[in-house]
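Here the structure is laid out as structure tokens; the discussion comes afterwards.
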Amino acid sequence: MAYWLFKSEPTAYSFADLLAEPARTTGWDGVRNYQARNFLRDQVQVGDGVLFYHSSAEPPAIVGIAEVVRAGHPDPTAFDPKADHYDPKSDRANPTWYQVAIRAVRAIDPPLDLPSLGRVPELAGMELLRKGSRLSVQPVTQGQWETILALAQSKSKR
DNA sequence: GCCAACGTTGGC
DNA sequence: GCCAACGTTGGC
């Protein structure tokens with residue numbers, strides 16, 4: 001059991017979009033960075049926890065929790081000439097790009113915005129908070145995961 | 001819109 | 001293998 005943070009620009013694909021999917025599930029396609037690809041292909045497992053993060057948002061924030069429902073498998077959009085992230089160099093016999101499938105668990109409301117996360121001592125050292133961090137699939141430690149869930153719980157409006 | 005911090009490409 | 005040029009990400 002491991003934990004991850006997945007980034008998405010909400011104008012491209014938001015947590016609300018995930019909640020609106022059939023079975024609240026989608027293939028996490030379009031990842032075209034080798035370090036992120038390696039995590040998706042080799043390490044992300046069914047049952048792992050996912051923090052859903054909105055980048056280039058106002059403010060950038062962790063907005064939901066998801067779980068992995070299918071481990072790494074080839075990303076079909078890499079083979080589709082009409083897809084945004086089509087990669088003519090990838091082929092089905094030896095795929096370059098991988099995806100996993102995730103299912104929404106619940107929204108974090110209010111979201112945990114980036115400036116606030118930066119003030120949490122327990123999260124010092126989190127990859128998301130590192131200056132220049134661009135990795136779109138990043139590992140989260142169990143301690144970071146528990147801290148974030150506790151923050152979400154304590155601020156939750158019900 | 002700016003720009004820092006990357007990652008990728010390609011000449012050599 | 002080096003590294004300059006270029007492209008991208010993403011906070012501000």
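Within every chain, numbering begins at 1; the chains are lettered A, B, ... in the order of the sequence lines, protein sequences first and strands thereafter. Worth saying up front: this structure is predicted, and the values here are computed from it rather than measured.
For the pair A:His54 NE2 and C:dC12 P, the computed distance is 17 Å after rounding to whole Å. What separates CD of A:Gln138 from P of C:dT9 is a distance of 15 Å, to the nearest Å. Atom P of nucleotide B:dT8 and atom CG of A:Leu135 are separated by 11 Å, given to the nearest angstrom. Following rounding to the nearest Å, A:Lys131 (NZ) and C:dG11 (C1') show an atom-to-atom distance of 9 Å. Regarding A:Lys7, its NZ atom lies at a distance of 11 Å from the C1' atom of B:dC6, rounded to whole Å. Put simply, CG on A:Asn33 is 10 Å from C1' on C:dT8, counting in whole angstrom units. Rounding to whole angstrom units, CD of residue A:Glu127 and C1' of B:dC6 are separated by 11 Å. The separation between A:Asp87 atom CG and B:dT8 atom C1' is 13 Å, rounded to whole Å.
Between A:Tyr34 and B:dC6, a side-chain N or O to OP1/OP2 separation shorter than 4.0 Å is absent. The phosphate of C:dT8 has neither OP1 nor OP2 within less than 4.0 Å of any side-chain N or O from A:Arg32.
A salt bridge does not link A:Arg37 with A:Asp42: none of the charged nitrogens is closer than 4.0 Å to a carboxylate oxygen.
Among the nucleotides B:dC6, C:dG11, B:dT8, the one closest to any side-chain atom of A:Arg134 is B:dC6. Distances were taken from every side-chain heavy atom of A:Ser56 (C-beta onward) to each of B:dG7, B:dA4, C:dG10; the shortest belongs to C:dG10.
The shortest heavy-atom contact between A:Ser14 and A:His54 is CA-NE2, 3.5 Å.
Classified by interplanar angle (parallel below 30°, tilted 30° to 60°, perpendicular above 60°), the ring pair A:Trp28/A:Phe6 is tilted.
Checking A:Ser116 against A:Asp113 by side-chain atom types alone, a donor-acceptor pair falls below 3.5 Å.
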